[in-house]
Amino acid sequence: MAELVGPRVYSCCHCRNHVCLHDDIISKAFQGRNGRAFLFSHAMNISMGPKEDRQLMTGLHTVADIYCRDCREVLGWKYERAFEESQKYKEGKFIFEKAKIVKENW
């Protein structure tokens, strides 16, 4: 597992595996399955499930669930494809549910 060195790291809430950096947050104004979620440009120490088309609040998207590589907890999803032009900026980005990650090194 990659270990991040430096401030402002987010980890899996179950096993404390480092999964993303605060500096990679694009937006904190997203909605996950269970409440608030953050959009990140990058992620690490994750694995991905199969791609599937999902009707989300902002339209139809092809997404893949993302899992902690250590404990296999579902942390959110990756946007693979946006069908609406206004949503294309999400492609290749990651949603982490706020309830599934914890701040480290603050």
Side-chain angles (χ1 to χ4, degrees):
M1 297 294 133
E3 182 99 3
L4 296 177
V5 178
R8 305 189 330 168
V9 173
Y10 285 94
S11 300
C12 171
C13 68
H14 290 281
C15 70
R16 301 290 206 209
N17 182 27
H18 294 168
V19 293
C20 47
L21 289 172
H22 181 269
D23 290 347
D24 290 334
I25 292 176
I26 296 169
S27 174
K28 293 183 177 182
F30 276 73
Q31 188 68 29
R33 289 187 189 105
N34 304 302
R36 281 189 52 206
F38 300 159
L39 183 68
F40 283 82
S41 58
H42 299 92
M44 60 182 44
N45 296 326
I46 60 156
S47 55
M48 291 189 355
K51 296 176 187 176
E52 63 181 44
D53 289 345
R54 225 179 261 169
Q55 186 68 39
L56 302 173
M57 290 170 47
T58 55
L60 184 63
H61 298 272
T62 302
V63 299
D65 285 338
I66 57 174
Y67 302 85
C68 172
R69 195 177 287 159
D70 254 3
C71 71
R72 302 290 297 154
E73 175 72 19
V74 177
L75 302 175
W77 63 85
K78 180 180 182 185
Y79 287 104
E80 296 289 346
R81 180 175 177 216
F83 289 87
E84 294 181 27
E85 195 61 39
S86 66
Q87 301 299 310
K88 293 283 188 190
Y89 74 96
K90 297 177 184 174
E91 292 180 342
K93 308 294 188 303
F94 300 86
I95 286 289
F96 281 92
E97 297 204 38
K98 187 176 183 228
K100 302 289 185 128
I101 56 176
V102 294
K103 298 175 188 176
E104 304 279 2
N105 303 328
W106 292 75

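Closest non-hydrogen pair, Cys12 versus Leu75, comes out as SG-CD2, 4.2 Å. In terms of heavy-atom proximity, Cys71 sits nearest to Cys68 at N-SG, 3.6 Å. Residues Gln31 and Trp77 come closest through the heavy atom pair O-CH2, 3.8 Å. Residues His42 and Phe94 approach most closely at C-CD1, 3.8 Å, considering heavy atoms. Scanning all heavy atoms of the two residues, the minimum distance from Lys51 to Thr62 falls at CB-CG2, 4.0 Å. In terms of heavy atoms, Glu91 sits closest to Arg81 at OE2-CA, 3.5 Å.
Taken from CD in Glu73 to SG in Cys15, the straight-line distance is 9.0 Å, to the nearest 0.5 Å. Rounding to the nearest 0.5 Å gives a distance of 9.0 Å between CD of Glu84 and NZ of Lys90. How far CZ of Phe30 is from NZ of Lys98: 16.0 Å, rounded to the nearest 0.5 Å. Separation of atoms CZ (Phe83) and CD (Gln55) is listed at 10.0 Å; rounding is to 0.5 Å. One distance of note links OG of Ser11 with NE2 of His18; it measures 4.0 Å at 0.5 Å rounding.
Checked against ring-ring contact (aromatic ring centres under 6.0 Å, His included), Phe40 has the following partners two or more places apart in sequence or in another chain: Tyr10, Phe96.
Cluster membership for Ile26 and Leu56, using ILVMFWY side-chain heavy atoms within less than 4.5 angstrom, is shared. The cluster map of Ile, Leu, Val, Met, Phe, Trp and Tyr, joined by side-chain heavy atoms under 4.5 Å apart, puts Tyr79 and Ile46 in different clusters. When the side chains of ILVMFWY residues are joined at heavy-atom separations under 4.5 Å, either directly or via intervening members, Ile25 and Tyr89 end up in two distinct hydrophobic clusters.
Using a 4.5 Å heavy-atom threshold, the side chains of Val63 and Ile95 count as separate. Side-chain contact between Asp23 and Arg8: present, with at least one pair of heavy atoms (C-beta onward) separated by less than 4.5 Å.
Residues Tyr67 make up the rest of the hydrophobic cluster containing Val74, defined by ILVMFWY side-chain heavy atoms closer than 4.5 Å, directly or through other members.
Glu97 places a side-chain N or O within 3.5 Å of a backbone atom of Asn34 that can act as its donor or acceptor partner. Between the side chain of Asn17 and the main chain of Asn45, a donor-acceptor pair closer than 3.5 Å is present.
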Exercise for review: Mind running side-chain contact (heavy atoms from CB on, under 4.5 Å) on Lys100 and Val19 for me, showing each step along the way?
Suggested key: CA-CA 11 Å; Lys100 302 289 185 128; Val19 293; over 6 Å; no
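One finds no salt bridge joining Lys88 and Glu85 here, because no Lys/Arg side-chain nitrogen approaches an Asp/Glu carboxylate oxygen to under 4.0 Å.
A side chain to side chain contact (heavy atoms under 4.5 Å, CB included) with Asp65 is found for exactly one of Met48, Arg54, Glu52, namely Arg54.
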